[in-house]
Amino acid sequence: MSALHMKHLFGLRGIAESDIRTILDTAMDFRQVLERPVKKVPSLRGVTVVNLFFENSTRTRTSFELAEKRLSADTINFTTSNSSVKKGETLLDTLRNIEAMKIDLVVVRHKGTGVPQFLADNSRAIIVNAGDGAHEHPTQGLLDMLTIEQHLGSLKGKRVTIIGDIRHSRVARSNLWGLTTMGAEVTLCAPSTLAPRNTEFFNGVRWEQDVRKAVKEADAVIALRLQKERMEDSLLPSMREYRNFFGVTREVLEQANQSVLIMHPGPINRGVELDSEMADSEQSVILEQVTNGLAVRMAVLFLLSGGRASE
Amino acid sequence: MNKLIIKNVRPFVDGALQPKTTMHLADGRWVDEPLEDAIEIEAEGAYALPALFALGLDFQEPLRDDIYTFQNGFSAMRRGGFYGGLYESKANPIDNVQKLSAIQQIFSKSGFTFSILGAFSKRNECEQLSEMLDLNSYGVSGFGDGDHLNATTRFLRLAMEYGSMTSKRFFFLPLDFSLRHTGVVHEGDVADVLGMRGIPRVAETIVVHSILEMALFLKVPIHLKQITCAESLSLIERARARGLDVTCDVGLYHLLFDDTCLFDLDSHFYLIPPIRSPKDKEALWDGLKKGSIQAISCNHTPILRQEKEVNFEDAVPGAISLEVALPAIWSALVNGVGEKRAIDLFSENPAKIAGAEPRRLQKGEVADLVLLQPDKKQVVNPTLLAGAVRNTPLLNREMPSSIIGSYIQGIWTKV
């Protein structure tokens with residue numbers, strides 16, 4: 001039924017280049033829809049989507065919900081704060097109860113790696129991963145790729161640097177797999193306590209600990225959000241030192257290409273991973289990432305539900 | 001600066017003592033030409049050795065300037081023939097760049113070559129990382145535990161992992177605090193006879209093993225301070241064979257004494273780590289001979305007389321050593337490992353471990369040296385020691401050699 005080579009979207013690792021191409025092209029079409037006075041299409045009329053968010057989320061959940069509404073789907077929001085999960089219900093029971101309501105598609109976010117796969121193994125619904133642990137956040141990776149393509153054309157050969165807490169970042173992983181599949185050159189930069197130690201499977205990726213070297217000649221720089229918990233957990237000494245050695249500042253970006261795109265998955269810790277001056281600069285495409293997020297999620301939901309790119 | 005003419009002196013050049021000659025020293029260098037207005041010294045065959053580098057310096061200022069001042073420390077270094085040292089402040093851990101800058105400013109005016117160890121955790125508490133990248137960019141030579149390694153293995157990992165970005169060496173005093181508990185001496189025959197609380201070897205080896213495994217895992221260069229037993233040396237050798245960059249030192253007094261000295265119940269022998277058994281002392285000497293140990297450390301720890309002149313178990317552990325280190329051990333070292341290796345252990349290697357420039361004597365070059373009379377015995381009395389402290393186990397004992405004086409950064413200090 002899916003217009004892609006897969007029924008579900010778990011992540012970007014191992015996904016076919018042609019599928020990424022189809023999603024990005026479809027998302028570009030939906031971007032145009034979003035520019036119209038009437039931003040709604042009937043593509044998912046009659047389709048019921050459950051947003052199953054076991055982790056707090058404002059941006060991603062809102063973005064998915066709006067994408068579903070723009071596609072005319074029926075939408076149900078399920079969050080742990082107001083659900084039976086709080087009363088001790090197991091994940092499987094939660095899923096079975098929801099499925100009994102004859103839903104078609106589940107968008108899920110959970111702190112555990114592999115939860116989307118687990119749901120798919122136990123359900124007939126189409127599963128879309130909206131973030132599982134530190135594993136993958138595929139729609140974020142796709143929206144980042146779309147944003148780069150919009151500004152710089154084909155991803156092939158483009159130099160993209162991702163800076164920050166790579167070890168705990170699902171955004172970094174999805175970007176890494178997606179960008180390399182599309183032929184981009186990816187550089188990762190992180191303090192050693194926030195970098196994966198075992199990188200055998202990170203083929204073709206350059207590692208750099210010096211942020212100035214990492215951004216050298218970069219076409220796009222993605223700064224990752226630094227969680228305050230990393231300090232409490234003794235992984236870093238202070239925000240101050242992080243900013244001084246890994247923060248994306250004007251001085252750091254002087255090493256990059258003049259027209260470098262500045263990106264961030266949000267929400268930003270201004271003055272920590274990204275200086276306000278750069279976040280608000282002309283090179284910043286952070287708000288375009290948000291708009292593209294909507295288009296990408298519309299494309300993913302549409303294609304997994306059987307829609308064709310040409311429709 | 002002083003000009004100096006030293007007659008009948010045997011300089012140590014190119015790894016060997018040379019025949020008697022006359023050395024002309026001016027502006028801190030060994031020069032060719034005859035000098036006017038120079039101080040003349042008749043050395044009577046004494047040795048001119050490259051000045052020494054001390055591992056384990058802590059003058060305890062500014063928190064304990066009632067005990068000792070930086071000036072006392074500098075004076076002790078001149079008397080003992082040390083041109084520099086690796087400084088690690090335990091009373092006031094150097095865990096931020098403000099403290100580092102303050103101490104760098106004091107040292108920059110001292111005329112000595114100091115390497116400084118930053119603390120890898122805030123307040124040496126092993127709970128929060130210090131700003132190691134910042135400390136590194138301001139010039140620390142490595143990171144230390146303040147001789148108080150009270151870390152979980154997880155914190156040990158995080159500290160070494162974070163610090164690995166600097167490529168600097170980590171310095172540890174391997175001693176398990178829970179195993180030490182209230183121990184004060186080596187847990188062995190002597191402790192059992194005296195009924196004193198012991199510190200077993202395993203309190204050291206268990207930590208040595210953890211640190212070595214972690215360093216191998218994270219590929220971090222390390223230095224283990226004051227190794228006291230054969231079991232630790234064997235673990236270090238094995239880790240070295242597995243490719244780890246690991247150096248270690250042995251404390252001066254652990255080479256000079258064994259725990260039979262405890263029968264005197266003299267609190268000057270209260271050191272941490274403890275002076276161990278005759279068998280351990282023998283193993284340490286073997287380690288020096290085989291090359292398992294790279295350096296001899298001074299661990300110069302000034303302690304107030306009233307804190308030392310109490311019963312053994314209530315005393316504060318530690319000893320001063322700068323003024324007496326070379327004359328106390330030179331003869332034994334030369335007999336055990338030869339002159340070249342003796343200099344390596346006391347000067348060249350400690351400097352390299354601390355990331356400092358080693359000193360060598362060569363005509364035309366900078367000359368920091370110590371004049372040692374190898375066969376002239378000397379009793380250690382308080383006038384030999386700098387400052388108001390006198391906490392050395394060698395107090396009132398005879399040393400086989402004596403220091404005539406030192407010439408460091410162009411300043412002659414007669415002892």
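Since the structure is predicted, the reported quantities are computational estimates derived from the model, not experimental observations. Residue numbers start from 1 in every chain, and the chains themselves are labelled A, B, ... in the order their sequence lines are given, proteins ahead of strands.
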Inset, instruction - Can you tell which part of A/Asp233 gets under 4.5 Å to a heavy atom of chain B, answering side chain, backbone, both or neither? - result: both
Legend entry - A/Glu254 and A/Arg212 ion-paired at < 4.0 Å: no
Inset, instruction - With a 4.5 angstrom heavy-atom cut-off, could you sort out which part of B/Phe217 is near chain A: side chain, backbone, both or neither? - result: both
Inset, instruction - Name the region of B/Ser121, side chain, backbone, both or neither, that has any atom closer than 4.5 Å to a heavy atom of chain A. - result: neither
Inset, instruction - With sequence neighbours left out, write down each residue that passes salt bridge (charged side-chain N to carboxylate O under 4.0 Å, His left out) with B/Glu125, or none if nothing qualifies. - result: B/Arg123
Legend entry - Structural part of A/Leu236 lying under 4.5 Å from a heavy atom of chain B: both
Legend entry - Within the 6.0 Å centroid threshold, strictly below: B/Phe107 and B/Phe114: yes
Legend entry - Pair A/Arg230 + A/Glu273, salt bridge at N-O below 4.0 Å: no
